[in-house]
Trainee: 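Quick one: the structure is below, and I'll ask about it shortly.
Below, all heavy atoms of this structure are taken into account, side chains as well, without hydrogens, waters or symmetry copies. Note that ligands are numbered from 1 as they come in the structure, with each ligand's atoms numbered from 1 the same way.
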Amino acid sequence: MPINIILIGPPGAGKGTQARKIEERYGAVQLSTGDMLRETIKMGGELGDDLKKILDSGQLVPDELMIEMISNRIQMPDCEKGFILDGFPRTVTQAKSLEKMLEDAGKKLDAVIKIDVDEEDLVERIVGRFTCGECGEGYHDTFKRPEVDNVCDNCGAVDSFKRRSDDNEDAIRTRLKAYHDQTAPILPFYKEKGLLQTVDGRESMAAVTAQIYVVLDVEQAQNEAQAV
Ligand code: AP5
């Protein structure tokens, strides 16, 4: 049975890291709005330039654009396998639009997983982060180095590692503020609906993955029981 979930947490909480693990185990597709925006920036043009300024500053992109982006994406056939929203919704307006979008598409959310972390750890996590430009595998200067320097463990690409332009201390502080002011207020909305689950993101990557699997195995078993 497909599972549809949201991962929520401040920048550097490990949403992208865990989304890739969930994809592998449950077959659901990762919908990272940050990655979608960075792809749009790569294409250039006026929109790309405008988005780059917003992302580099650490502020949020306007709701209308994000809602349109996800509403188109969620209707694509691969989302029938289930989806992991990573980076959306990020405001109360986005959360309410998502509810309507899912209702119109006849889909439901199984869980909203909040990854709890200590804020002091976040800056260290983010400034040490790099990813493979070929396959997107994530690494860290301290917590997850590639087995061979400059070679991706996952796809073998050489010299393809890259760092994000918004992974600097100033932008991180702005992103954290945006999380507190605009994203955290959506948590009560999902709590009221009985969908909110919290995992301890201060643990190792593998331990956080294990906690998420426990939550999702229960959700999947419930979906299967209801389908019988
Ligand atoms: P986005 O790309 O979504 O960035 P973010 O939310 O700031 O989150 P990150 O990708 O920085 O962190 P993450 O939680 O995925 O952590 P990761 O797994 O990489 O958004 C970027 C920008 O796009 C926003 O600022 C905004 O401008 C715009 N945007 C996007 N969506 C939007 C929306 N809906 N509305 C408006 N604007 C939007 O982990 C971080 C590092 O820590 C990695 O190196 C990893 O290896 C390491 N790590 C992970 N877990 C652990 C662990 N347990 N222990 C030790 N290290 C760990």
Trainee: Which option wins on minimum heavy-atom distance to atom 23 (O) of ligand 1: Val117, Leu55, Ile41?
Mentor: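 Residue with the shortest heavy-atom distance to the ligand atom: Leu55.
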Trainee: Out of Arg20, Arg129, Met205, whose heavy atom sits nearest atom 47 (C) of ligand 1?
Mentor: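 Looking at heavy atoms only, the winner is Met205.
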Trainee: I'd like to know if Tyr139 contacts ligand 1, where contact means a heavy-atom distance under 4.0 Å to any ligand atom.
Mentor: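 Distance cut 4.0 Å: Tyr139 passes for ligand 1.
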Trainee: Heavy-atom distances under 4.0 Å decide this one: backbone, side chain, both or neither, for Lys144 against ligand 1?
Mentor: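 Neither part.
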Trainee: Say whether Thr33, considering both its backbone and side-chain N or O atoms, lies within less than 3.5 Å of an N or O atom on ligand 1.
Mentor: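 It does: an N or O of Thr33 is found under 3.5 Å from an N or O of ligand 1.
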Trainee: Quick one: nearest non-hydrogen protein atom to atom 49 (C) of ligand 1, plus distance?
Mentor: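 The answer is Thr17 OG1, 3.5 Å.
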Trainee: Taking atom types as modelled and ignoring hydrogens, do the side chains of Lys108 and Asn223 form a donor-acceptor contact shorter than 3.5 angstrom?
Mentor: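 Per modelled atom types, Lys108 and Asn223 side chains form a pair under 3.5 Å.
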Trainee: Tell me the contacting part of Ser204 for ligand 1: side chain, backbone, both, or neither, using a 4.0 Å heavy-atom threshold, strictly below.
Mentor: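 The answer is the backbone.
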Trainee: Between Tyr213 and Tyr26, what is the ring plane arrangement, given parallel below 30°, perpendicular above 60°, and tilted in between?
Mentor: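 Perpendicular, since the angle between the ring planes exceeds 60°.
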Trainee: What part of Met66, side chain, backbone, both or neither, has a heavy atom within less than 4.0 angstrom of ligand 1?
Mentor: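 The answer is the side chain of Met66.
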Trainee: Does the N or O separation between Phe88 and ligand 1 drop below 3.5 Å for any pair?
Mentor: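 In fact, backbone or side chain, Phe88 has no N or O that close.
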Trainee: N/O of Gln94 under 3.5 Å from N/O of ligand 1, yes or no?
Mentor: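 Yes, Gln94 has an N/O under 3.5 Å of an N/O on ligand 1.
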Trainee: If you measure every N/O of Phe130 against every N/O of ligand 1, is any gap under 3.5 Å?
Mentor: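 In fact, backbone or side chain, Phe130 has no N or O that close.
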Trainee: Ignoring angles and geometry beyond distance, decide whether Gly87 reaches within less than 3.5 Å of ligand 1 through its nitrogen or oxygen atoms.
Mentor: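 Looking only at distances, the answer is yes, because the N/O contact criterion of under 3.5 Å is met.
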Trainee: Judging by distance only, is a nitrogen or oxygen of Gly14 under 3.5 angstrom from one on ligand 1?
Mentor: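 In this structure, Gly14 places an N or O atom under 3.5 Å from an N or O of ligand 1.
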Trainee: My understanding is that we take every heavy atom of each candidate and find the minimum distance to atom 1 (P) of ligand 1. Doing that for Glu124, Met69, Arg175, Arg90, which one comes out nearest?
Mentor: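 Answer by nearest heavy atom: Arg90.
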Trainee: For Leu60 and ligand 1, does the shortest N/O to N/O distance drop below 3.5 Å?
Mentor: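 In this structure, Leu60 places no N or O atom under 3.5 Å from an N or O of ligand 1.
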Trainee: Quick test: of every protein heavy atom, which one is nearest to atom 54 (N) of ligand 1, and how far off is it to 0.1 Å?
Mentor: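 Ranked first by proximity to atom 54 (N) of ligand 1 is Arg125 NH2, 3.5 Å.
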Trainee: Glu203 versus ligand 1: do any nitrogen or oxygen atoms come within less than 3.5 Å of each other?
Mentor: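 Glu203 vs ligand 1: N/O contact under 3.5 Å present.
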Trainee: If we set the cut-off at 4.0 Å for heavy atoms, which region of Arg202 has an atom near ligand 1: side chain, backbone, both, or neither?
Mentor: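 Contact part for Arg202 vs ligand 1: neither.
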Trainee: Looking at ligand 1, would Ala13 count as a contact under a 4.0 Å heavy-atom criterion?
Mentor: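 Right, Ala13 reaches ligand 1.
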Trainee: Do ligand 1 and Arg164 have nitrogen or oxygen atoms that lie under 3.5 Å from each other?
Mentor: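 Yes; at least one N/O pair falls below 3.5 Å.
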Trainee: Distance alone, cut at 3.5 Å: any donor-acceptor contact between the side chains of His180 and Glu119?
Mentor: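 Result is yes, a qualifying pair exists.
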Trainee: Taking the non-hydrogen atoms of Gly201, is any one of them nearer than 4.0 angstrom to ligand 1?
Mentor: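 Right, Gly201 reaches ligand 1.
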Trainee: Could you tell me the residue and atom name of the protein heavy atom closest to atom 56 (N) of ligand 1, and the distance to it rounded to 0.1 Å?
Mentor: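 Its nearest protein heavy-atom neighbour is Phe143 CD1, 3.3 Å.
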